[in-house]
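See below for the structure under consideration.
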Amino acid sequence: MIRFFALALFSVVWLPASCQEEEVAEQIALEQVGDIPPVTWIEFQDALIAADTLGKALLVDVYATWCPWCAKMQDSVYTQDRIRSYVAEHFVTARLNVEKEDDQINFKGYTLNSAELASGFGAEATPTTVFLTSTGDYITRLPGYLDADGFMHVLRYIGTEAYKHKSFQDFVDEEAG
């Protein structure tokens with residue numbers, strides 16, 4: 001119930017007035033039937049504020065509209081219940097389009113466009129998933145497509161903050177038993 005309250009409050013705060021009532025109603029309907037809401041991608045600037053406010057890590061999907069692997073990631077990974085559930089619990093989510101050069105994002109004292117910021121995060125190809133702390137500090141990036149099983153390992157590694165004290169390989173080995 002607390003998670004629902006935070007999501008409903010977040011929807012009221014961040015969505016334009018014309019969408020607020022519809023989004024809150026949809027969220028209430030989803031909670032009542034027990035469905036997991038889809039991954040909600042918000043503007044990077046808003047995601048930074050939300051991550052800091054909620055104390056959650058930031059997951060940034062770096063993509064291009066023409067990228068088939070980006071579409072596959074959206075269609076076959078981010079749609080799975082276990083991924084959606086874990087992401088909703090542990091992350092704030094944003095997307096950066098590497099083709100977008102006409103926007104302005106203020107990040108760590110710099111004004112950049114989406115393409116420049118993605119490049120600054122080391123995204124040399126799409127898709128790339130970038131993980132930041134709740135205060136916007138860089139954790140790591142995951143280049144390329146990863147299936148749901150592999151992606152879940154990465155999400156847990158970051159979401160549990162295991163990255164602070166062990167290698168990814170040690171984490172995966174421990175999970176395997």
Side-chain angles (χ1 to χ4, degrees), residues 3-4 6-7 10-11 14-15 19 22-23 26-44 46-48 50-51 54 56-100 103 105 114-115 117-134 138-163 167-177:
R3 188 176 81 192
F4 167 69
L7 287 172
F10 182 73
S11 296
W14 292 108
L15 292 174
C19 298
E22 292 174 4
E23 289 292 327
E26 180 182 358
Q27 184 61 41
I28 290 169
L30 287 171
E31 288 293 326
Q32 288 175 345
V33 297
D35 288 341
I36 302 165
V39 173
T40 303
W41 303 105
I42 59 177
E43 294 294 323
F44 183 82
D46 294 338
L48 280 173
L54 298 171
K56 291 183 175 185
L58 185 58
L59 181 156
V60 183
D61 178 48
V62 179
Y63 75 102
T65 56
W66 48 262
C67 169
W69 290 106
C70 299
K72 184 172 175 74
M73 192 87 173
Q74 290 298 311
D75 295 340
S76 67
V77 176
Y78 287 114
T79 57
Q80 295 203 11
D81 286 352
R82 63 190 169 130
I83 300 291
R84 293 185 350 222
S85 178
Y86 198 87
V87 167
E89 186 175 342
H90 296 279
F91 298 95
V92 172
T93 52
R95 296 186 88 196
L96 289 174
N97 183 341
V98 296
E99 299 171 301
K100 193 168 186 177
D103 60 338
I105 300 169
S114 292
L117 185 56
S119 178
F121 287 142
E124 298 175 356
T126 56
T128 296
T129 307
V130 177
F131 294 95
L132 306 175
T133 66
S134 62
Y138 181 83
I139 298 172
T140 193
R141 70 180 175 274
L142 174 66
Y145 172 84
L146 196 59
D147 66 19
D149 291 336
F151 196 60
M152 195 67 208
H153 285 298
V154 174
L155 291 175
R156 284 194 300 267
Y157 180 66
I158 303 299
T160 62
E161 297 184 346
Y163 67 90
S167 72
F168 181 67
Q169 188 60 53
D170 288 345
F171 177 78
V172 171
D173 291 346
E174 284 178 16
E175 278 199 329

Those residues that, when tested against R141, pass salt bridge (charged side-chain N to carboxylate O under 4.0 Å, His left out) (two or more places apart): none

Residue list, side-chain hydrogen bond (donor to acceptor under 3.5 Å, both in side chains) with T160, at least two apart or on another chain: none

Closest contact, heavy atoms only, L132 versus V60: CD1-CG2, 4.4 Å

Which residues share a side chain to side chain contact (heavy atoms under 4.5 Å, CB included) with T79, sequence neighbours left out: none

Residues in salt bridge (charged side-chain N to carboxylate O under 4.0 Å, His left out) contact with E43, at least two apart in sequence or another chain: none

Partner set under ring pair (Phe, Tyr, Trp, His ring centres under 6.0 Å) for Y63, not counting sequence neighbours: none

T93 side chain to L59 backbone, donor-acceptor under 3.5 Å: no

Minimum-distance pair of heavy atoms, taken over all atoms of C70 and V62: SG-O, 4.5 Å

Under the ring pair (Phe, Tyr, Trp, His ring centres under 6.0 Å) test, residues paired with Y86 that sit two or more places apart: H90

Set of ring pair (Phe, Tyr, Trp, His ring centres under 6.0 Å) partners for Y138, sequence neighbours left out: none

Listed partners of D75 passing salt bridge (charged side-chain N to carboxylate O under 4.0 Å, His left out), at least two apart: none

Under 3.5 Å, side-chain donor or acceptor atoms of residues 118-128 against the rest of the protein: list the pairs with distances, not counting sequence neighbours.
from : atom 1 : to   : atom 2 : distance (Å)
T128 : OG1    : A125 : O      : 2.6

Geometric class of the F131/F151 ring pair [parallel <30°, tilted 30-60°, perpendicular >60°]: tilted

Expected output: side-chain K56 to main-chain A88 donor-acceptor under 3.5 Å: yes

Pair V77-L146, side-chain contact (heavy atoms from CB on, under 4.5 Å): steps then yes or no: CA-CA 8 Å; V77 176; L146 196 59; over 6 Å; no

For S114, side chain to side chain contact (heavy atoms under 4.5 Å, CB included) partners two or more places apart: L96, K100, D103, I105

Just list the side-chain donor-acceptor pairs under 3.5 Å for residues 170-177, sequence neighbours left out, or say none.
from : atom 1 : to   : atom 2 : distance (Å)
D170 : OD2    : S167 : OG     : 3.3
D173 : OD1    : Q169 : NE2    : 2.8
E174 : OE1    : K166 : NZ     : 2.5
E174 : OE2    : K166 : NZ     : 3.4
E175 : OE1    : H153 : ND1    : 2.7
E175 : OE1    : R156 : NH2    : 3.1
E175 : OE2    : R156 : NE     : 2.6

Short side-chain to backbone donor-acceptor contact, Q80 and A148, under 3.5 Å: no

Nearest heavy-atom neighbours spanning M73 and T129: CE-OG1, 4.3 Å

Any side-chain heavy-atom pair of T65 and N97 under 4.5 Å: yes

Side-chain heavy-atom pair F168, T140 within 4.5 angstrom cut-off: no

Residues which pass side-chain hydrogen bond (donor to acceptor under 3.5 Å, both in side chains) with S76, listed by chain and number, not counting sequence neighbours: Y145

